[in-house]
Amino acid sequence: GADMGEERIISVYEHASPAVVNITSRIIVRSFFFGAYPEEGSGSGFVWDTEGHIVTNYHVVQNADSLAVNFGDDNAVNATVVGADPRNDLAVIKVDTLPEGVKPLAAGDSSTLRVGQTAIAIGNPFGQFERTLTTGVISALNRTIETDNQVLRGAIQTDASINRGNSGGPLLDSLGRLIGVNSAIFSPSGTSAGVGFAIPVNTVTKVVPVLIARGSYPHPWLGAVGYDITPRLAQQLTLPVQQGLLVAQLYDGSPALNAGLQGAKREIILGNQRMYVGGDIITAIDEQPLRTWKDLDTYLEEKTNVGQEVTLHLLRAGQEQTMTLTLAEEPPNQP
């Protein structure tokens with residue numbers, strides 16, 4: 001017989017696992033020598049609503065020419081991509097009909113989570129072990145995880161095993177409520193090292209309805225890039241501040257350019273690095289001091305919306321200035 005804690009996990013699995021799917025993506029690779037051949041990838045996902053929308057990671061469906069969804073009965077049905085948000089590593093795909101009796105998962109609230117509470121992952125590790133259940137605890141909250149091309153903010157860390165193929169599957173609490181979306185892209189070898197990460201459900205509930213409605217998620221955008229000022233860099237360039245953001249370049253048509261923010265005036269070689277210097281120094285946004293471009297990014301992502309006015313505090317040629325600009329929507333494929 002199972003004890004109370006086990007009974008609870010058994011019931012979560014029995015209730016939630018029918019909503020967890022295996023997703024196979026096919027990418028047609030075109031090669032000079034071999035012509036065109038398909039490459040398969042796999043991941044997990046879960047049913048979001050009764051209309052057949054399924055949530056997964058963006059990297060599971062990225063560049064796919066076709067997608068098949070398996071509900072655990074060896075019947076693969078075709079799916080189409082409805083929307084994607086590469087920055088939050090989320091995507092929504094859709095199937096025409098759901099099998100009998102498959103119910104969407106109920107969403108919990110990631111702001112109330114505590115380190116030490118039970119975390120239950122369901123997914124298809126390595127694309128072949130269907131609906132595998134792994135359990136553990138929440139190991140940490142609010143992690144910022146950076147990979148080559150994206151930053152995952154506010155991530156939930158868990159020691160429930162998350163392997164390649166678990167990507168896009170649900171992380172649940174002991175009542176079977178969705179608390180996160182597992183993202184195995186962050187496991188260095190593609191295998192579990194007791195350190196797995198999940199996108200918090202509050203990000204998911206914010207982003208997914210927008211993806212269903214309009215296919216993409218609008219990220220607020222300023223359109224400037226540059227260098228983080230450190231005490232050492234300040235000394236080398238004789239800057240008037242020890243910290244802040246040195247603007248190097250502005251994107252065409254960006255709010256920063258339109259508002260008159262100024263980029264680099266000249267190019268220098270510092271050590272063995274080419275640098276673009278002489279531009280404005282941003283020290284704060286809406287009274288919030290900024291140390292790094294990542295601070296700015298986090299502020300925009302968490303505290304602002306497209307169309308909102310923000311005030312930048314800056315130094316230009318040593319003089320303090322403020323500048324108001326209206327945030328635009330980040331164009332696709334911008335940093």
Legend entry - Closest approach of Ala36 to Ile28 (non-hydrogen atoms, all atoms of both residues): CB-CG2, 3.8 Å
Legend entry - Non-hydrogen atoms of His53 and Val82 that approach each other most closely: CD2-CG2, 4.0 Å
Show every donor-acceptor pair shorter than 3.5 Å between a side-chain atom in residues 225-237 and any protein atom, with sequence neighbours excluded, or say none if there are none.
{"residue": "Tyr227", "atom": "OH", "partner": "Tyr276", "partner atom": "N", "Å": "2.9"}
{"residue": "Asp228", "atom": "OD1", "partner": "Trp293", "partner atom": "N", "Å": "2.9"}
{"residue": "Thr230", "atom": "OG1", "partner": "Leu233", "partner atom": "N", "Å": "3.1"}

Legend entry - Spatial distance of atom CG (Leu172) from atom OG1 (Thr135) [nearest 0.5 Å]: 11.5 Å
Legend entry - Same apolar cluster: Leu178 and Val137, side chain cutoff 4.5 Å: no
Inset, instruction - List in chain and number order the residues that pass side-chain hydrogen bond (donor to acceptor under 3.5 Å, both in side chains) with Ser66, two or more places apart in sequence or in another chain; answer none if no residue qualifies. - result: none
Inset, instruction - Determine the minimum heavy-atom distance between Thr326 and Gly307, stating which atoms define it. - result: CG2-O, 3.4 Å
Legend entry - Sub-4.5 Å side-chain heavy-atom contact between Thr118 and Asp173: no
Inset, instruction - Is it possible for you to say whether Leu312 and Leu250 belong to one hydrophobic cluster, with membership spreading through side-chain heavy-atom contacts below 4.5 Å? - result: yes
Inset, instruction - For the pair Glu14 and Arg8, find out whether any cationic side-chain nitrogen is under 4.0 Å from an anionic carboxylate oxygen. - result: no
Legend entry - Exam field: side chain Thr56 to backbone Gly168, donor-acceptor pair closer than 3.5 Å: no
Legend entry - Distance flag, aromatic centroids of Tyr13 and His15, threshold under 6.0 Å: no
Inset, instruction - Nearest 0.5 Å please: distance from the OG atom of Ser111 over to the CG atom of Leu141. - result: 10.5 Å
Inset, instruction - May I ask you to check whether over 12 heavy atoms, not counting those of Glu302, lie within 6.0 Å of atom CD? - result: yes
Inset, instruction - Taking the side chain as every heavy atom from C-beta outward, state whether Tyr58 and Asn88 have any pair of such atoms under 4.5 Å apart. - result: no
Inset, instruction - Fit a plane to each ring of Phe34 and Tyr37, take the angle between them on a 0 to 90° scale, and name the class: parallel (under 30°), tilted (30 to 60°) or perpendicular (over 60°). - result: perpendicular
Legend entry - Pairwise distance OG1(Thr80) to CG(Asp96) - rounded to 0.5 angstrom: 7.5 Å
Legend entry - Side-chain heavy-atom pair Leu133, Ile9 within 4.5 angstrom cut-off: yes
Legend entry - Side-chain donor/acceptor of Asp3 to backbone N/O of Gly5, under 3.5 Å: yes
Legend entry - Test: Asp280 and Arg316 ion pair at under 4.0 Å: yes
Legend entry - Separation of Thr304 OG1 from Leu327 CG (nearest 0.5 Å): 5.0 Å
Legend entry - Glu267 side chain reached by Met275 side chain, heavy atoms, under 4.5 Å: no
Inset, instruction - Decide yes or no for Val181 and Leu171: does some side-chain heavy atom of the first lie under 4.5 Å from some side-chain heavy atom of the second? - result: no
Legend entry - Under 3.5 Å: donor-acceptor pair, side chain of Asp85, backbone of Tyr217: no
Legend entry - Where at least one partner belongs to residues 32-53, residue pairs that pass salt bridge (Lys or Arg N to Asp or Glu O under 4.0 Å), sequence neighbours excluded: none
Inset, instruction - Check whether the side chains of Ser183 and Asp89 place a donor and an acceptor atom closer than 3.5 Å, and report yes or no. - result: yes
Legend entry - Exceeds 12 heavy-atom contacts within 6.0 angstrom, atom CD of Gln249: no
Inset, instruction - Find the distance between CG (Leu314) and CG (Leu246) and round it off to the nearest 0.5 Å. - result: 12.0 Å
Using distance only, find each side-chain donor-acceptor pair of residues 197-207 under 3.5 Å and give its atom names and separation, not counting sequence neighbours.
{"residue": "Asn202", "atom": "OD1", "partner": "Ser110", "partner atom": "N", "Å": "2.9"}
{"residue": "Asn202", "atom": "OD1", "partner": "Ser110", "partner atom": "OG", "Å": "3.1"}
{"residue": "Asn202", "atom": "ND2", "partner": "Asp109", "partner atom": "OD1", "Å": "3.0"}
{"residue": "Thr205", "atom": "OG1", "partner": "Val201", "partner atom": "O", "Å": "3.1"}
{"residue": "Thr205", "atom": "OG1", "partner": "Asn202", "partner atom": "O", "Å": "3.3"}

Legend entry - Single-linkage hydrophobic cluster, 4.5 Å side-chain cutoff, Leu245 and Met323 together: yes
Legend entry - Shared-cluster residues of Val21, by chain and number - hydrophobic side chains joined below 4.5 Å: Ile23, Val47, Ile54, Val60, Val61, Leu67, Val69, Phe71, Val77, Val81, Ile93, Val95, Leu98, Val102
Inset, instruction - Using a 4.5 Å cut-off on heavy atoms from C-beta on, say whether the side chain of Pro218 contacts that of Val210. - result: yes
Legend entry - Working for side chain to side chain donor-acceptor pair (under 3.5 Å), residues Glu301 and His219: CA-CA 7 Å; Glu301 198 60 36; His219 292 277; 2.7 Å; yes
Inset, instruction - State, with a plain yes or no, whether a side-chain heavy atom of His59 is found less than 4.5 Å away from one of Ser167. - result: yes
Inset, instruction - Output the distance between atom CG (Asn166) and atom OG (Ser44), rounded to the nearest 0.5 Å. - result: 5.5 Å
Inset, instruction - Answer yes if Val12 and Leu113 sit in the same cluster of Ile, Leu, Val, Met, Phe, Trp and Tyr residues linked by side chain heavy atoms under 4.5 Å apart, and no otherwise. - result: no
Legend entry - Asn124 side chain to Arg131 backbone, donor-acceptor under 3.5 Å: yes
Inset, instruction - Decide yes or no on side chain to side chain donor-acceptor pair (under 3.5 Å) for Arg214 and Ser216, but give the supporting numbers first. - result: CA-CA 6 Å; Arg214 49 164 282 174; Ser216 61; 3.2 Å; yes
Legend entry - Test item: Arg114 and Ile138 side chains (from C-beta on) under 4.5 Å apart, heavy atoms: no
Inset, instruction - Test side chain to side chain contact (heavy atoms under 4.5 Å, CB included) on Leu261 and Leu257 and set out the steps. - result: CA-CA 6 Å; Leu261 199 67; Leu257 187 73; over 6 Å; no
Cut-off 3.5 Å, no hydrogens considered: what does the side-chain donor-acceptor table look like for residues 281-291, sequence neighbours left out?
{"residue": "Thr283", "atom": "OG1", "partner": "His313", "partner atom": "O", "Å": "3.1"}
{"residue": "Asp286", "atom": "OD1", "partner": "Thr311", "partner atom": "N", "Å": "2.7"}
{"residue": "Asp286", "atom": "OD2", "partner": "Tyr299", "partner atom": "OH", "Å": "2.8"}

